[in-house]
Amino acid sequence: MIRRKTALKKGKGYPFWVVTDRDINENDPVLIRKKEEAIKSLTECPLPDYVFKRGKKKRGKKHSS
Amino acid sequence: MEWERYEVSGRSNGLIYKFYSEGPKGRILKRVEFQPVPELGRHVYNVAFGDYNATTDRIDDKTVSGNGDREVILHTVADAIIEFMDRKPLAIILIKGSSGSRIRLYQVGLKFYWPKIKEQYQVLGKINNQWLPFQMNNNYEEFVIFKKIG
């Protein structure tokens, strides 16, 4: 049975599993085209800096005791 | 909220998700692939989605299957994206359709999911060469989605 209903909630049976035996085919013309399009798009119109800075620890000034 | 979607399996460090579309045209293998784009940043991934040809090991992102299950597929792809970001919270996901109709389809999907995802995720849409926060009534050329982090 392929179809099933699940709640979109973590821990409630996401129907995914992961194995590590195969890589993306980087020679796939569709992937090559999409990558080129993405690079062109974000080079011409870069994302705001904060998008890349998420999760980075802020460096504060060290306080002398 | 609950809806019908297809069961999905992920492969290759979780970069590839596959599932079968079922309907009048038969059982069609679909793939969602998260292609790293290190040229744009360490955590940037491009989403590629389409029919998968196992013989050529290639995706066809232009074919319309005609299995009458567009919404189920849309939900399944959205699930894959959300699951991927749950595993890789720093991921920045680029979503661009292969055609105008695919982009509109993704936009419909985002609208559907918006009440559910807006608390945890941020979506930017590209419009007139500017990245702006997603709004339901605008039409965008492409999207970026990422998890909100402190």
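Chain A is the first sequence line, chain B the second, and so forth, proteins listed ahead of strands; every chain is numbered from 1. Below, all heavy atoms of this structure are taken into account, side chains as well, without hydrogens, waters or symmetry copies. All figures in this text were calculated on a predicted structure; none of them were measured in a lab.
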Mark yes when over 12 heavy atoms from residues, nucleotides or ligands other than B:K25 sit less than 6.0 Å from its NZ; otherwise mark no.
no
Which atom pair, heavy atoms only, marks the closest approach of B:I92 to A:L47?
CG2-CD1, 4.0 Å
Which residue out of B:V37, B:N129, B:L40 racks up the most heavy-atom pairs below 4.5 Å with chain A?
B:L40
Closest non-hydrogen contact found for A:P48 with B:W131 is CD-CB, 4.3 Å
Can you tell me how far CG of B:L94 sits from NZ of A:K35, rounded to the nearest 0.5 angstrom?
11.5 Å
Should we count CZ of B:R42 as having more than 12 external heavy atoms under 6.0 Å?
no
Indicate yes or no for a side-chain donor-acceptor contact from A:N25 to the backbone of B:D57 under 3.5 Å, with no hydrogens or angles considered.
yes
B:N46 side chain vs A:A38 backbone, donor-acceptor pair below 3.5 Å
no
Between atom CZ of A:F52 and atom CZ of B:F146, what is the distance when rounded to the nearest 0.5 Å?
9.5 Å
Minimum heavy-atom separation for A:L31 and B:Q35, please, with both atom names.
O-NE2, 3.2 Å
Taking all non-hydrogen atoms of both residues into account, name the closest pair between A:V30 and B:I59 and its distance.
CG2-O, 3.0 Å
Shared hydrophobic cluster, B:V144 / B:V123 (ILVMFWY, side-chain heavy atoms < 4.5 Å)
no
Is the shortest heavy-atom distance from the side chain of B:D61 to the side chain of A:K34 under 4.5 Å?
yes
I need the single residue from B:K96, B:E141, B:K126 that forms a side chain to side chain donor-acceptor pair (under 3.5 Å) with A:S41. Which is it?
B:K126
Measuring only between side-chain heavy atoms, which start at C-beta, is A:R54 closer than 4.5 Å to B:H43?
no
Can you hop from B:M136 to B:F143 via hydrophobic side chains spaced under 4.5 Å?
yes
With the 4.5 Å side-chain cut-off for hydrophobic clustering, are B:F49 and B:I93 part of the same group?
yes
If hydrophobic clusters are built from ILVMFWY residues whose side chains come within less than 4.5 Å, do B:F112 and B:Y140 share one?
yes
Do B:V72 and B:V64 share a hydrophobic cluster (ILVMFWY, side-chain heavy atoms under 4.5 Å, transitive)?
no
What part of B:V44 is in contact with chain A, defined as an atom under 4.5 angstrom from a non-hydrogen atom: side chain, backbone, both or neither?
side chain
About how many Å separate CG of A:D28 and OG1 of B:T56, when rounded to the nearest 0.5 Å?
7.5 Å
